[in-house]
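Numbered from 1 within each chain, the chains take letters A, B, ... in sequence-line order.
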2 protein chains.
Amino acid sequence: MDTLRYYERIGLIEPPVRDSGGRRSYSEEDLGWVGFLSCLRMTGMPIRLMCEYARLRHFGTSSATSRKEILLEQRTAVRERIAELQMCLSTLDYKIDNYEMVERRVAELTPLAQEATA
Amino acid sequence: MDTLRYYERIGLIEPPVRDSGGRRSYSEEDLGWVGFLSCLRMTGMPIRLMCEYARLRHFGTSSATSRKEILLEQRTAVRERIAELQMCLSTLDYKIDNYEMVERRVAELTPLAQEATA
DNA sequence: GCTTGACCTGGAGCGCGCTCCAACTTCTAC
DNA sequence: GTAGAAGTTGGAGCGCGCTCCAGGTCAAGC
C-alpha cells in the first residue's frame with residue numbers, strides 16, 4: 001500500500017482513478033501492470049530501470065524494441081543469477097554434508113564420554 | 001578491500017596477521033572463510049545472520065548442529081528463490097515473445113507505410 | 001450524532017551493506 | 001633522497017527501496 005503510493009510518486013505506475021471518496025481504485029489493467037512490476041522487482045531489476053521501462057511504455061509500439069531489449073538483458077541477468085545460486089547451493093550441500101559427518105563422529109564419541117562421566 | 005575491513009569491524013572475519021609494515025596479510029584459511037562468506041552473501045543471507053554463524057564457529061564442533069541448521073534454512077531459501085526466479089523467467093519469456101510478435105507485425109506494416117510516404 | 005477505521009497528504013526516517021574521506025605511514029622505484 | 005602508489009585509521013556519507021508518521025478527510029455501523 002505504502003509501496004503502491006511510492007511507485008506512483010516515482011512515476012512507476014499511473015495515478016489510478018479515484019472513487020467518490022477520493023480513494024484510489026486500481027483497475028484490472030493497473031493490477032496487471034503492478035503484478036508485472038513486482039515480477040521485475042523479484043528478479044532484482046533496480047527501480048530506476050523499471051522507471052525507464054515504464055516511461056517507454058508511453059510511446060506504444062514504437063518503443064517495443066527498446067523494451068524488449070531491457071527484458072532480454074534482464075533475462076540474461078536472471079539466468080546468470082540462477083546459475084550463481086546453483087553454485088552456492090552445491091557449496092551449501094557440501095558444507096551441510098560436512099556438518100553431518102561431524103555430528104556422526106560426535107555421536108560415536110558421546111557414549112564413551114557418558115561412560116567416563118558415569 | 002574496504003569491504004574486508006568492514007567485515008573485520010563487525011566481527012565477521014578475524015583480524016588477520018600483519019606484515020612487517022602493519023599491512024593485513026590474509027592466510028589461506030582467511031581467504032577460504034572469506035570465500036565462503038561471499039557465497040553466503042550471494043545467496044542473500046543477511047549480514048546479521050552471517051555474524052551469528054561466525055560467532056558459532058568459535059565454539060567448535062559443539063555448535064555444528066546450530067550451524068548446520070542455519071545452512072539448512074538457507075538452502076531452503078535458496079531453492080525457493082531459484083523457483084521464484086524461474087517463474088519470473090517464464091514471465092519474461094512470455095513478454096519477450098509478445099514484443100517479438102509486435103515487431104513482426106510492425107515489420108509487415110512498414111513497407112506499406114513506406115509506400116504511403118513515397 | 002459519534003466513534004471507528006481505512007484511506008488521504010507531504011515529508012521524514014530507516015535499515016542495509018557497503019563506500020568514501022582526510023590525514024597519516026610505509027614500501028617501491030627511480 | 002624523493003615522488004608516488006598503496007596500504008593504515010576512525011568516522012562520516014550514501015544509494016536503495018521502502019516504511020512510518022502526524023494530521024486530516026471520508027464512509028459505514030451503532
Side-chain angles (χ1 to χ4, degrees), chain A residues 1-31 33-57 70-71 73-74 77-78 80-81 84-85 87-88 91-92, chain B residues 1-31 33-57 70-71 73-74 77-78 80-81 84-85 87-88 91-92:
Chain A
M1 272 243 0
D2 257 324
T3 303
L4 283 178
R5 293 202 308 104
Y6 166 66
Y7 282 3
E8 185 180 331
R9 263 198 298 209
I10 63 177
L12 211 41
I13 60 188
E14 297 293 309
V17 298
R18 304 300 182 101
D19 65 14
S20 57
R23 289 175 169 77
R24 288 171 179 77
S25 147
Y26 295 97
S27 68
E28 279 306 307
E29 197 193 335
D30 289 337
L31 295 179
W33 172 237
V34 167
F36 181 56
L37 285 180
S38 37
C39 168
L40 290 183
R41 272 303 295 140
M42 271 198 289
T43 69
M45 180 181 283
I47 296 273
R48 220 178 327 158
L49 190 49
M50 287 165 59
C51 286
E52 171 67 7
Y53 185 92
R55 198 182 58 82
L56 286 171
R57 270 190 359 140
I70 291 176
L71 297 191
E73 278 180 29
Q74 195 61 19
V78 172
E80 284 169 3
R81 179 79 179 118
E84 194 175 76
L85 284 177
M87 296 282 289
C88 292
T91 301
L92 284 177
Chain B
M1 272 244 1
D2 256 325
T3 303
L4 284 178
R5 294 201 308 104
Y6 166 66
Y7 281 3
E8 186 180 331
R9 263 197 299 208
I10 63 176
L12 210 41
I13 60 187
E14 297 291 309
V17 297
R18 304 300 182 100
D19 67 14
S20 56
R23 288 176 171 74
R24 288 172 179 78
S25 149
Y26 295 97
S27 69
E28 278 307 308
E29 197 193 336
D30 289 336
L31 295 179
W33 172 237
V34 167
F36 181 57
L37 286 180
S38 36
C39 168
L40 289 183
R41 273 303 295 140
M42 271 197 291
T43 68
M45 179 180 285
I47 296 273
R48 221 178 326 160
L49 190 48
M50 288 166 59
C51 285
E52 171 67 6
Y53 186 91
R55 199 182 59 80
L56 286 172
R57 273 193 353 142
I70 291 175
L71 297 191
E73 278 180 30
Q74 194 62 18
V78 171
E80 284 169 3
R81 179 78 178 118
E84 195 175 74
L85 284 177
M87 295 282 288
C88 292
T91 302
L92 285 176

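Close to dT28(C), at under 4.0 Å from its OP1 or OP2, lies no side-chain N or O of R23(B). Between R24(B) and dT9(D) there is a side-chain N or O to OP1 or OP2 distance below 4.0 Å.
Residues C51(A) and I10(A) share a closest heavy-atom pair of SG-O, 3.8 Å. Between M42(B) and L85(A), the closest heavy-atom pair is O-CD2, 3.9 Å.
Side-chain contact between W33(A) and R57(A) is present, with at least one heavy-atom pair separated by less than 4.5 Å. The closest side-chain heavy-atom distance from Q74(A) to C88(B) is not below 4.5 Å.
Distance R18(A) CZ to dA27(D) P: 13 Å, rounded to the nearest Å. Look at CE on M1(A): it is 17 Å from P on dG5(C), rounded to the nearest Å.
Other residues, nucleotides and ligands place more than 12 heavy atoms under 6.0 Å from the CZ atom of R18(A).
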Base versus backbone protein contacts along nucleotides 14-21 of chain C [heavy-atom cut-off under 4.0 Å; B, S, -]: --SBBBB-

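Ionic pairing of E8(A) and R5(A) is not present here: no N-O contact between side-chain nitrogen and carboxylate oxygen is shorter than 4.0 angstrom.
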